[in-house]
Peer 1: 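Sharing a structure with you now.
Both backbone and side-chain heavy atoms feed into the values below; hydrogens, waters and symmetry mates do not. Chain naming here is simple, since letters A, B, ... match the order of the sequence lines and numbering starts at 1 in each.
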Protein chains: 2
Amino acid sequence: MKYLLSNIRISIKENIYLKDPESSSLGKRIVENSILLIDEIGFDLFTFKKLGTKIGSNESSIYRYFENKHMLLLYLTTWYWTWLEYQLVFSTNSLEDKELKLKKAVEVLTQTTTIDSAFSHIDKVVLKRIVISEFSKSYLTKEVDAENKEGYFSVYKRLVNRLKDFIIDVNTTYKYPKALASTIIEGAMHQHYLKDHFKSITECSKDLAPTIFFNDLVFKILKQN
Amino acid sequence: MKYLLSNIRISIKENIYLKDPESSSLGKRIVENSILLIDEIGFDLFTFKKLGTKIGSNESSIYRYFENKHMLLLYLTTWYWTWLEYQLVFSTNSLEDKELKLKKAVEVLTQTTTIDSAFSHIDKVVLKRIVISEFSKSYLTKEVDAENKEGYFSVYKRLVNRLKDFIIDVNTTYKYPKALASTIIEGAMHQHYLKDHFKSITECSKDLAPTIFFNDLVFKILKQN
DNA sequence: CAAATATAATAGTAATACTATCATTTTTGA
DNA sequence: TCAAAAATGATAGTATTACTATTATATTTG
C-alpha cells in the first residue's frame, strides 16, 4: 500500500490558490510549514509574516500563492478531506458485506490518525489535529454561502454523502441518513476535541476511541425498525 | 410563565467581565447591541470601535466592561447556556415519566428559539443564531485549557451533564451517556447551521426540525439492548 | 452641593493584513 | 550559453485592529 500511495497525488481545485503550491519548492515549504505553525500557535495568531520568518522567505512571496490565510486554511482542509476520501474508498472497496463496509467507513472517518503513510511532504497526523481545531473556522463566516457556491466545500460534502450511501446500504428505510452521516463526521471531530480539552463531558479518551462510540451508535440506530 | 420569568435574572460569574454590564444602562446597551451587531457582521469583523459607533458611545468605555471581544463572546454564550439550562429544568421538572422527560429535554436543547419570552433586554432569537455560528470560536483557541480552569465553560458542561442524567434515567446500562449528550447538544447546533448553509448534507430543514432527528436517534439508541 | 464615579474624547503604539514597486536571483528555451 | 521571462526577495507604505493612557466632562450619590 505504501508503494501504491507514493504514486498518487492529492490535487486541489485551482480557484483556491493563486499559484499551485505543488508547482514549486517554495510552495511546498509554505504548505508543509503552515501546518506545523498553525498547530503550534493556532490559526488565530498565525500570520504570513510569521510563516515567512519560519521558512526564511518573504511575506510577499507567500501572498503570491494564497490570497490570505483563510484561503490557505481552505486549501489545507480540502487537502485533508481529499486524502481522507481516498482512504475511505480504498479501504472499503474490497469489502463485500454491507455492514462490514459501514463499520470500516465509520472507523476511517472517526479514528485518530496516528500513522503517516509518508507520501508527500505533508504531515497527516499534525494536519488532522488542525482540522479538528480549525476546520469549523473555515465555514463559520459571513462568506460561507458565496464560498460554498464557489465549490470550496464540495470535497467535504461529497465525503458526507459517501458515508450516507453506506448507511443507506445497511438500512434502506432509515429516514435521516444524511443528518446521521454529517453528525458522525462532525461529531467525531468534536469528541476528539473534548477528550483532549473537556474530559468531563465525554467517555472518549485515549483508551476509548470515538470510533467505538460512533460504531455502537450507528448500528444501534440502523438495526432498529 | 411569562410573569414568573419576568422576575428571574440571569447572572454571570464576575470573572468574565471587568464591570457588570447589568449594573448600568450603558452596560445593557453594550450587551443588547453587541448581539445585534455580531449577528449582522459576524464575530470576526466585529470590533469595539464599531459597537461604540452603533450605540453612540466610546470604544474606551466598552473596554471598561469587557477585556476584549473574546470575553464579551464568553459572556454572551454563557448567558445563553444559563438561560437554556433554566428552560430545561423548568420544562422538565413537572414531568413524571422518564422517557417523556428525556424527550422534552432533547426538544428544549435542540429546537430553534422562535419565541422570545421577553424578559430582559436580550433578544434570545438572535442570541441563539450567534451561539450556533460563533460558540465554537469561544473554545477553539490556544487558551482553552487555561480558560476552562477559570470556569468559563462550566455552565455549558453542567448542561451537558444534565442531559446525560436524563439519558441514564432512561437506560442505566448504556455505556456512553456523556458522549451522547455532548453529541446531541453540539450536533443540534451543527444541524441548524447545515440546514441554513449546507442543505445537501442533511435532511433537516424548516419542515424537519433537528429535534425530530435527535429524538429519533436518542430513543433508537437507548431502547436497544 | 462637593466628592466620587462613570463616561467621553483624544492621542498614541504595536501588530495585522494587506498592496505596490523595484531589485535580484533562478529558470527556460532558442 | 545567454537573453528574456518568471520567481522570489526587500523595502516601503496604508488602513485597520486591538488595545493603553491621559485628561476632560458629565452624572450620581451621600
Side-chain angles (χ1 to χ4, degrees), chain A residues 14-34 37-38 40-76 121 134 137-138 140-143 146-147, chain B residues 14-34 37-38 40-76 121 134 137-138 140-143 146-147:
Chain A
E14 61 291 337
N15 60 347
I16 285 189
Y17 47 75
L18 299 171
K19 180 184 162 141
D20 185 359
E22 285 295 315
S23 72
S24 74
S25 90
L26 177 61
K28 281 174 200 156
R29 275 192 298 140
I30 289 172
V31 169
E32 187 182 344
N33 288 282
S34 65
L37 189 54
I38 291 171
E40 197 182 309
I41 65 175
F43 185 68
D44 299 343
L45 298 179
F46 171 88
T47 67
F48 281 1
K49 186 118 196 238
K50 290 173 186 167
L51 178 58
T53 305
K54 190 184 176 81
I55 64 177
S57 179
N58 200 274
E59 195 188 2
S60 59
S61 304
I62 303 169
Y63 274 107
R64 286 198 194 88
Y65 285 85
F66 296 100
E67 218 179 308
N68 49 46
K69 70 173 183 172
H70 171 69
M71 295 309 291
L72 171 58
L73 181 61
L74 283 178
Y75 180 89
L76 297 177
H121 49 103
E134 316 293 357
K137 296 174 190 168
S138 76
L140 294 173
T141 68
K142 281 285 159 183
E143 296 77 35
E147 295 189 346
Chain B
E14 60 291 338
N15 60 348
I16 285 189
Y17 48 76
L18 300 170
K19 179 182 164 144
D20 186 358
E22 284 295 315
S23 71
S24 72
S25 89
L26 177 62
K28 282 176 200 156
R29 273 191 299 142
I30 288 171
V31 169
E32 187 182 343
N33 288 284
S34 65
L37 188 55
I38 291 171
E40 197 182 311
I41 65 176
F43 185 68
D44 301 343
L45 297 179
F46 171 87
T47 68
F48 280 1
K49 185 118 195 239
K50 289 173 185 167
L51 178 59
T53 305
K54 190 184 176 77
I55 63 177
S57 179
N58 201 274
E59 195 188 2
S60 60
S61 305
I62 301 169
Y63 274 106
R64 284 199 198 87
Y65 285 84
F66 296 100
E67 220 178 309
N68 49 48
K69 71 173 183 172
H70 172 70
M71 295 309 291
L72 171 59
L73 180 61
L74 283 177
Y75 180 89
L76 297 178
H121 49 104
E134 317 292 357
K137 297 174 190 169
S138 76
L140 293 174
T141 69
K142 281 285 159 184
E143 296 78 34
E147 295 189 347

Peer 1: Is B:Tyr65 close enough to C:dT7 that one of its side-chain N or O atoms is under 4.0 Å from OP1 or OP2 there?
Peer 2: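 Yes, such a contact exists.
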Peer 1: Choose from C:dC18, C:dA8, D:dG9 the nucleotide whose nearest atom is closest to any side-chain atom of B:Ser61.
Peer 2: C:dA8
Peer 1: State, to 0.1 Å, how close A:Leu140 and B:Lys137 come at their nearest heavy-atom pair, and which atoms those are.
Peer 2: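 Nearest pair, atom of A:Leu140 first, then B:Lys137: O-NZ, 2.7 Å.
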Peer 1: Starting at atom CG of A:Leu18, determine the distance to atom P of D:dA7, rounded to an integer number of angstrom.
Peer 2: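 To the nearest whole Å, that distance equals 13 Å.
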Peer 1: Consider the side chain of A:Tyr63, meaning its heavy atoms from C-beta on, and name the nucleotide among C:dT19, D:dA10, C:dT7 that approaches it most closely.
Peer 2: C:dT19
Peer 1: Does A:Lys19 have a side-chain nitrogen or oxygen under 4.0 Å from the phosphate oxygens OP1 or OP2 of D:dT8?
Peer 2: yes
Peer 1: Could you state the atom-to-atom distance from CG of B:Asn68 to P of D:dA18 in whole Å?
Peer 2: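 From B:Asn68 CG to D:dA18 P: 9 Å.
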Peer 1: Separation of A:Ile55 atom CD1 from D:dA7 atom C1', in whole Å?
Peer 2: 14 Å
Peer 1: Which nucleotide wins on minimum distance to the side chain of B:Ser60, given the candidates C:dT10, C:dT7, C:dT21?
Peer 2: C:dT10
Peer 1: Both A:Arg64 and A:Glu59 contact DNA chain C. Taking the nearest nucleotide for each, which residue is further toward the 5' end?
Peer 2: A:Glu59
Peer 1: For A:Phe66 and C:dC18, give me the distance from atom CZ to atom C1', rounded to whole Å.
Peer 2: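 These atoms are roughly 17 Å apart.
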Peer 1: Which heavy atom of B:Phe46 sits nearest to which heavy atom of B:Ile41, and what is that distance?
Peer 2: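 B:Phe46 and B:Ile41 have their closest heavy atoms at CA-CD1, 3.7 Å.
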Peer 1: Report yes if a side-chain nitrogen or oxygen of B:Ser25 is closer than 4.0 Å to either non-bridging phosphate oxygen (OP1 or OP2) of C:dT7; otherwise report no.
Peer 2: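 For C:dT7, neither OP1 nor OP2 has a side-chain N or O of B:Ser25 closer than 4.0 Å.
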Peer 1: Could you verify whether a donor N or O on one side chain and an acceptor N or O on the other, from A:Ser24 and A:Tyr65, lie under 3.5 Å apart?
Peer 2: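 Short answer, yes.
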Peer 1: Would you check if the side chain of A:Lys19 reaches a backbone N or O of A:Tyr63 as a donor-acceptor pair within less than 3.5 Å?
Peer 2: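 No; judged by distance alone, with no hydrogens or angles, the pair does not exist.
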Peer 1: Rounded to whole angstrom units, what separation is found between the CG atom of A:Asn58 and the C1' atom of D:dA12?
Peer 2: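 The answer, rounded to whole Å, is 12 Å.
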Peer 1: Minimum heavy-atom separation for B:Glu40 to B:Lys54, with atom names?
Peer 2: OE1-NZ, 3.5 Å
Peer 1: Starting from P on C:dA6, measure out to CD1 on B:Ile62 and report it in whole angstrom.
Peer 2: 17 Å
Peer 1: Between C:dA6, D:dG9, D:dC19, which nucleotide has the shortest distance from any of its atoms to the side chain of A:Ser57?
Peer 2: D:dG9
Peer 1: Under the 6.0 Å and 45° cation-pi test, does B:Lys69 pair with B:Phe43?
Peer 2: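 So B:Lys69 does make the cation-pi contact.
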Peer 1: Would you jot down, in residue-number order, the residues of residues 42-51 of chain B having a non-hydrogen atom under 4.0 Å from DNA chain C?
Peer 2: none
Peer 1: Determine whether a donor-acceptor pair (N or O, by modelled atom type, separation under 3.5 Å) exists between the side chain of B:Arg64 and the backbone of B:Leu18.
Peer 2: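 No; judged by distance alone, with no hydrogens or angles, the pair does not exist.
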Peer 1: Rounded to the nearest Å, what distance is computed from the CD atom of residue A:Glu67 to the C1' atom of nucleotide C:dT19?
Peer 2: 13 Å
Peer 1: Whole angstroms only, please: what is the CE-P distance between A:Met71 and C:dC18?
Peer 2: 12 Å
